[in-house]
Participant: 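Take this structure first; my questions come after.
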There are 2 protein chains.
Amino acid sequence: MEQRPGGRSARVRDAVRQATLAELAEHGYSGLTVENVAIRSGVHKTTVYRRWGSVEGLIADALELAREEPWPIPDTGSFRGDLRAIVRLVQGGFADPVAGPISAAFVAAAVQNGDAARSLHDFFMARHEQAAEVVRRAVERGELPADTDGADVIRMAVAPIYYRLFVTHEPVTERDAVRAADAAAAAARAGVIHGDPAGRAADQ
Amino acid sequence: MEQRPGGRSARVRDAVRQATLAELAEHGYSGLTVENVAIRSGVHKTTVYRRWGSVEGLIADALELAREEPWPIPDTGSFRGDLRAIVRLVQGGFADPVAGPISAAFVAAAVQNGDAARSLHDFFMARHEQAAEVVRRAVERGELPADTDGADVIRMAVAPIYYRLFVTHEPVTERDAVRAADAAAAAARAGVIHGDPAGRAADQ
DNA sequence: AGCTTAACGCTACTAAAGTTGCGATTGGAG
DNA sequence: CTCCAATCGCAACTTTAGTAGCGTTAAGCT
């Protein structure tokens with residue numbers, strides 16, 4: 001009756017997760033197939049289908065793994081510097097030949113599959129909350145209005161990167177990243193990205 | 001040797017295009033299949049495969065149709081008003097039960113297929129260029145610095161909408177749209193979104 | 001150690017996606 | 001009007017994705 005997280009199941013899960021990431025890095029999302037993951041992991045095809053259901057299930061599971069590892073929140077001393085560092089970290093991640101395709105695959109999978117979308121949603125909520133730390137510090141330093149919505153500042157800063165990558169399919173340079181960060185910083189400083197009067201704290 | 005744009009081919013193409021849009025509106029991108037489009041259009045499955053190749057090809061073609069029809073660029077008298085109107089138009093489009101799924105399908109298809117990505121790229125380049133008109137007017141009125149990058153202001157304004165919809169999968173309210181527009185306006189007014197010194201006019 | 005059973009491996013099967021070859025239309029030029 | 005070639009319709013086929021049934025393995029408990 002009890003689960004068996006300590007034994008074979010755990011080994012299988014790890015093998016499949018790792019194979020999924022490796023396949024994603026090599027062939028991207030459109031080249032990801034259950035059969036190839038099964039072969040690479042040494043786990044049988046039927047088993048993968050039983051436990052993960054589909055390609056999107058594999059990705060949703062890999063996302064949980066990605067969510068666990070924390071994020072280096074910068075502390076440069078200035079708000080503009082922190083924000084620039086965050087956005088450049090995002091841009092650099094997508095430019096990386098290994099991490100880039102994997103991250104892009106997560107976004108691509110979530111566009112199609114509800115489970116992956118939920119996983120990605122949770123992932124970003126955690127990221128926004130972590131990154132909002134730089135806004136809190138800026139408020140304490142008096143650089144920003146007290147009612148600034150931290151998570152929304154992060155959204156404004158990184159959104160143009162994702163917009164270029166996944167919507168308009170334009171190239172993204174480091175210069176674009178810096179500009180997006182500066183734009184969000186300017187808007188925050190102008191007091192435009194303020195917290196809501198009505199309770200909207202819990203999104204969704 | 002010559003093409004035959006006037007005859008049967010044109011009829012077939014129109015039928016398939018229309019069937020594609022209808023199927024997208026009903027079942028969304030994940031429910032779009034070549035076979036159903038073939039049945040609905042009255043065109044044989046093989047023919048659709050030969051001319052469009054795949055589901056993504058169908059969408060890429062439908063996109064060209066969408067690109068042709070022009071866009072109502074607002075003229076409210078103030079830059080902030082114009083920008084708000086544009087972003088709310090985008091947000092409203094995705095909220096529409098008919099246009100929403102179709103637009104979302106375009107984005108979803110482009111994430112996976114190179115042809116669809118190119119089509120969508122061209123589509124947005126045209127849109128940005130058209131919408132940048134509101135920035136030009138604002139510059140003439142003296143509301144913005146002369147070297148403001150019009151297309152980039154539009155990008156900053158609409159990016160958070162797409163970011164929420166297709167990346168973080170958060171709900172998008174009208175309030176979010178207004179805030180995104182105001183943030184971009186504030187950044188533009190602060191002179192952060194300025195044109196490049198080195199020639200980067202031709203993107204890509 | 002021995003037992004129980006959740007989880008896995010394997011083969012065979014079904015369903016759906018996509019392809020091929022050929023004969024039938026049809027638009028357009030002489 | 002006649003002919004030609006591009007395009008389409010059609011049926012059969014191949015390939016790939018996903019499922020079902022059943023025997024086998026091994027984790028965890030006594």
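Model, not experiment: these values are computed from the prediction. Residue numbers start from 1 in every chain, and the chains themselves are labelled A, B, ... in the order their sequence lines are given, proteins ahead of strands.
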Participant: Could you check how far CG of Asn36(A) sits from P of dG18(D), rounded to whole Å?
Facilitator: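 Distance check: Asn36(A) CG to dG18(D) P gives 12 Å.
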
Participant: Taking only the side-chain heavy atoms of Val43(B) (C-beta and beyond), determine which of dG9(D), dT19(D), dC8(C) contains the nearest atom.
Facilitator: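 Nearest to the side-chain atoms of Val43(B), counting from C-beta on, is dG9(D).
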
Participant: Taking only residues two or more places apart in sequence or in another chain, which ones pass salt bridge (charged side-chain N to carboxylate O under 4.0 Å, His left out) with Arg189(B)?
Facilitator: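 If we apply the salt bridge (charged side-chain N to carboxylate O under 4.0 Å, His left out) test to Arg189(B), skipping adjacent residues, there are no hits.
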
Participant: Could you give the CZ-to-P distance, from Arg50(A) to dC10(C), as a whole number of Å?
Facilitator: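 It works out to 12 Å between those atoms.
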
Participant: Under 3.5 Å, is there an N or O donor on one side and an acceptor on the other linking the side chain of Thr46(A) and the base of dC10(C)?
Facilitator: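 Present.
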
Participant: Taking five pairs at each end of the helix from dA1(C)-dT30(D) to dG30(C)-dC1(D), what angle separates the two helix axes (nearest 10°)?
Facilitator: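 Angle reported: 30°, given to the nearest ten degrees.
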
Participant: Please encode protein proximity along nucleotides 13-18 of chain C as a string of B, S and -, counting only heavy-atom distances under 4.0 Å.
Facilitator: ----SB

Participant: Per the side-chain hydrogen bond (donor to acceptor under 3.5 Å, both in side chains) rule, what does the pair list look like for residues 20-42 of chain B, sequence neighbours excluded?
Facilitator: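 Listed by first then second residue: Glu23(B)-Arg40(B), Glu26(B)-Arg40(B), Tyr29(B)-Glu56(B), Tyr29(B)-Gln112(B).
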
Participant: With respect to the phosphate group of dC10(C), does any side-chain polar atom (N or O) of His44(A) fall under 4.0 Å of OP1 or OP2?
Facilitator: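 So the side-chain polar atoms of His44(A) do come within 4.0 Å of the phosphate oxygens OP1 or OP2 of dC10(C), strictly under.
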
Participant: Just to verify, what does Asp115(A) make a salt bridge (charged side-chain N to carboxylate O under 4.0 Å, His left out) with, not counting sequence neighbours?
Facilitator: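 Asp115(A): salt bridge (charged side-chain N to carboxylate O under 4.0 Å, His left out) contacts with Arg118(A).
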
Participant: Main chain of His194(B), side chain of Asp147(B): is a donor-acceptor contact present, judged purely on distance under 3.5 Å?
Facilitator: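 It does not hold such a pair.
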
Participant: Is the shortest side-chain N/O distance from Arg11(A) to OP1 or OP2 of dA27(D) below 4.0 Å?
Facilitator: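 For Arg11(A), the contact criterion (side-chain N or O under 4.0 Å from OP1 or OP2 of dA27(D)) is met.
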
Participant: Return the minimal non-hydrogen interatomic distance between His128(A) and Ile154(A), and the atom names on each side.
Facilitator: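 The answer is CD2-CG2, 4.1 Å.
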
Participant: Kindly state each residue pair satisfying side-chain hydrogen bond (donor to acceptor under 3.5 Å, both in side chains) with at least one member in residues 95-109 of chain B, sequence neighbours excluded.
Facilitator: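 The answer is none; no pair qualifies.
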
Participant: Calculate the interatomic distance between Arg51(A) atom CZ and dG9(C) atom C1'; express it in whole Å.
Facilitator: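 Rounded to whole Å, this separation is 14 Å.
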
Participant: For Ile39(A) and dT16(D), what is the distance between atoms CD1 and C1' respectively, to the nearest whole Å?
Facilitator: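 Rounded to the whole Å, the gap is 12 Å.
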
Participant: Is any side-chain N or O of Thr47(A) closer than 4.0 Å to OP1 or OP2 of dG9(C)?
Facilitator: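 It does, given that an N or O in the side chain of Thr47(A) lies less than 4.0 Å from OP1 or OP2 of dG9(C).
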
Participant: Only counting residues at least two apart or in another chain, list the ones meeting side chain to side chain contact (heavy atoms under 4.5 Å, CB included) with Ala132(B).
Facilitator: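 Here the qualifying residues are Arg136(B).
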
Participant: Got a sec, which residues hit salt bridge (charged side-chain N to carboxylate O under 4.0 Å, His left out) with Arg127(A), two or more places apart in sequence or on another chain?
Facilitator: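 By the salt bridge (charged side-chain N to carboxylate O under 4.0 Å, His left out) rule, Arg127(A) matches no residue at all.
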
Participant: Any pair with a residue in residues 88-119 of chain B that passes ring-ring contact (aromatic ring centres under 6.0 Å, His included), sequence neighbours left out, goes on the list, sorted by first then second residue, please.
Facilitator: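 Qualifying pairs, neighbours excluded: Phe94(B)-Tyr162(B), Phe94(B)-Phe166(B).
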
